[in-house]
*Asks:* 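Please find one structure pasted underneath; my questions will follow.
Start at 1 with the first residue, then count along the sequence.
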Amino acid sequence: MTDQILYSSAKKAAVLAQYEAAEDTQDPGADVSLTTPDGEEAVSAGAGGMESGEAETAQPEVGPASSQEEASQAESGETEDGDAVQEQPPAAPQKPAETDISSPQNGGHQEDREPLPGEEPLPEKVGFAEKETAAGQEGQILFSETQVVAPPAASPGAGALLPVSFGVLVTLGITVLLLWMRHRHPGGSARWRSVVGGFRTASVHELGARDEQQDAFCIAGLEAPEGGVLAAVADGMGGLVDSGQVSRSLVDALGKGFTPSDEATPARRLQLLFRQALEQVEDLQKGQTAQSGSTLVMGLIQGNGLSWLSVGDSRIYLWRSGGLIQLNRDHDFSHDLTLLALQGDMTLQEADQDPRRENLTSFIGRGFPRKVEWNPEPVSLCTGDKVVLVSDGVYRALSQEEMARCLQGDASRAARALQAAVTKKDLPQQDNFTAVILEKV
């Protein structure tokens, strides 16, 4: 059991002064007996004691006391000065982790002995604690590190919530900006109309992941469908300059130049409209040195027949009873590479993996296109058939089977399904995508 006696400030100073005087006259390693001014018990310690500068903050602690002293103090419950004696329960022996003060002759450990009459413990510096030694080496005086009390952590308040609130605001701002960029163009949504003259029509016109909308489309003739209904999609070439202006010029010329008539065959009407659109683009590009271009696909429904004309890689499909058929052919280098493979100049695998496959071999914007394709005779349509014109942003994002599933419903549902399917893909390089649907009812 360890007893701790609390000294007053005056007694502390007197004990320290007596201890320093004795230290100056003793040999190193000799025991020093101190007596307090009040005639209280003194403690014997080695010469390796504390420095005098530590006295101002010292707090006396007592090593192991004799059984007689413990009994007498336990009965009285207080010291001679009236200070209360605080008993501490015995602690489990611990291995000392600090530097101890001991006599050098005994190998750094102080031998256990009975305290002499009149001895009492040497005062120690405030903040130093007494620790018991392991394996029965009690009574050894140890230095411990000064205990540093950290201030209590501040409770979370408005300051802690500020970074969270700022992060939420930044996230909302970015979301709003992305939505605005996605829908800043007027045509960036699915549109559908009610049944007009035996047709349902719908369209999808989206920006995708691009900064500029270079697709354009038009639907004309709905006011007098008996004279024919025209739909067109043009896709400006992204690698060239002002290609979006070319695509818009094409559909503008087609929409304004189309007039309901049955005087010419559908194929000839498409050819004449194509010639007018080319002339408008040529006028637009006069004096320009920069190269620009666009693809074009047109579909004309007159009566129960469908006629089409195309340049480039925009496509026209016929959906019927769940099946989807591409009517035109892409004007890109994949066709030429396949012909080279068939001639033995390369393997079919090399042709399929050639990076030039998607390069256009015909487009509008640099003189007359190298290839223009149309069907001489109309394709007969049935009730429920859908004619679908798309830019490559649709069919490069969706397989033909996925597109066919999206087209199961009526024109308006089909347009929404196509838009949702392409958006769900979330392709990082998603091109502008446009689709026009004409459904015969």
*Asks:* Do Arg357 and Asp352 pass the salt bridge (charged side-chain N to carboxylate O under 4.0 Å, His left out) test, and can you show the C-alpha distance, the side-chain angles, and the key distance before you say yes or no?
*Replies:* CA-CA 7 Å; Arg357 287 181 58 82; Asp352 293 339; 3.6 Å; yes
*Asks:* Tell me whether Glu439 is salt-bridged to Arg413, with the criterion being a basic N under 4.0 Å from an acidic carboxylate O.
*Replies:*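 Answer for the salt bridge query: no.
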*Asks:* Is the closest side-chain donor-acceptor distance between Thr434 and His205 under 3.5 Å?
*Replies:*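 Note: Thr434 and His205 side chains meet the donor-acceptor criterion.
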*Asks:* Considering non-hydrogen atoms only, spot the tightest contact between Pro369 and Ile364 and give its length.
*Replies:*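 Smallest heavy-atom distance, with atoms named: CG-CG1, 4.0 Å.
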*Asks:* Is it true that Arg405 and Glu401 have a side-chain N and a carboxylate O under 4.0 angstrom from each other?
*Replies:*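 Looking at Glu401 together with Arg405, the answer is no, because their closest N to O distance does not fall below 4.0 Å.
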*Asks:* Does any non-hydrogen side-chain atom of Val233 lie less than 4.5 Å from one of Val390?
*Replies:*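 Not touching, per the 4.5 Å side-chain cut-off.
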*Asks:* Is any side-chain heavy atom of Leu230 less than 4.5 Å from a side-chain heavy atom of Leu270?
*Replies:*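 A side-chain contact under 4.5 Å exists here.
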*Asks:* Show your working on side-chain hydrogen bond (donor to acceptor under 3.5 Å, both in side chains) between Arg416 and Gln419 and close with a plain yes or no.
*Replies:* CA-CA 5 Å; Arg416 286 192 292 263; Gln419 181 186 33; over 6 Å; no
*Asks:* Would you call Trp319 and Gln408 a side-chain contact if the rule is heavy atoms closer than 4.5 Å?
*Replies:*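 The answer is yes; the side chains approach within 4.5 Å.
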*Asks:* Taking Ser362 for its side chain and Val311 for its backbone only, find out whether a donor-acceptor pair lies under 3.5 Å.
*Replies:*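 Looks like no, no N/O pair under 3.5 Å.
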*Asks:* Between Ser294 and Phe363, what is the shortest heavy-atom contact and its length?
*Replies:*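 Closest pair (atom of Ser294, atom of Phe363, distance): O-CB, 3.6 Å.
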*Asks:* Quickly, which of Thr295, Asp235, Asp392 forms a side-chain hydrogen bond (donor to acceptor under 3.5 Å, both in side chains) with Ser314? Name it, please.
*Replies:*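 Only match with Ser314 under side-chain hydrogen bond (donor to acceptor under 3.5 Å, both in side chains): Thr295.
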*Asks:* Return the minimal non-hydrogen interatomic distance between Leu407 and Val388, and the atom names on each side.
*Replies:*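 Here Leu407 and Val388 meet closest at CD1-CG2, 3.9 Å.
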*Asks:* Does any non-hydrogen side-chain atom of Leu254 lie less than 4.5 Å from one of Phe274?
*Replies:*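 No, too far: nothing below the 4.5 Å cut-off.
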*Asks:* What do the steps show when you test Arg320 against Asp385 for salt bridge (charged side-chain N to carboxylate O under 4.0 Å, His left out), and what is the final call?
*Replies:* CA-CA 5 Å; Arg320 175 178 292 175; Asp385 286 354; 2.7 Å; yes
*Asks:* How close do Arg329 and Gln326 get, heavy atom to heavy atom, and via which atoms?
*Replies:*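 Residues Arg329 and Gln326, closest heavy atoms: CA-NE2, 4.2 Å.
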*Asks:* Lys425 vs Leu398, test: side chain to side chain contact (heavy atoms under 4.5 Å, CB included). Steps then yes/no.
*Replies:* CA-CA 8 Å; Lys425 293 285 186 176; Leu398 304 176; 3.7 Å; yes
*Asks:* Mind checking whether Pro378 and Leu306 have side chains closer than 4.5 Å, heavy atoms only?
*Replies:*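 Pro378 vs Leu306: side chains apart.
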*Asks:* Do the side-chain N and O atoms of Arg248 and Gln245 include a donor-acceptor pair separated by under 3.5 angstrom?
*Replies:*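 Per modelled atom types, Arg248 and Gln245 side chains form no pair under 3.5 Å.
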*Asks:* For Leu337 versus Asp354, what's the shortest heavy-atom pair and its separation?
*Replies:*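 It is CD1-CB, 3.5 Å.
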*Asks:* Got Val204 and Val422 here, is their nearest side-chain heavy-atom distance under 4.5 Å?
*Replies:*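 Sidechains of Val422 and Val204: no contact.
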*Asks:* Have Asn304 and Ser380 got a donor and an acceptor in their side chains that come within less than 3.5 Å?
*Replies:*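 No - no donor-acceptor pair under 3.5 Å links their side chains.
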*Asks:* Answer yes or no: is there a side-chain heavy-atom contact under 4.5 Å between Ser249 and Leu284?
*Replies:*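 Answer yes - side chains close enough.
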*Asks:* Looking at Glu263 and Arg269, is there a salt bridge between them, counting it only when a charged N and a carboxylate O are closer than 4.0 Å?
*Replies:*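 No.
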*Asks:* Closest heavy-atom contact between Ala267 and Ser307?
*Replies:*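 Shortest heavy-atom contact: N-OG, 4.2 Å.
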*Asks:* Between Asp431 and Arg396, does at least one N-O distance fall below 4.0 Å, as a salt bridge requires?
*Replies:*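 Looking at Asp431 and Arg396, the cut-off is not met.
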*Asks:* Answer yes or no: are there more than 12 heavy-atom neighbours, outside Arg366 itself, under 6.0 Å from its atom CZ?
*Replies:*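 Open: at most 12 neighbouring heavy atoms sit under 6.0 Å from CZ of Arg366.
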*Asks:* Heavy-atom distance under 4.5 Å between the side chains of Glu206 and Thr423, does that happen here?
*Replies:*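 No, their side chains stay 4.5 Å or more apart.
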*Asks:* Under 4.0 Å between a Lys/Arg side-chain N and an Asp/Glu carboxylate O for Arg315 and Asp330?
*Replies:*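 Salt bridge: yes.
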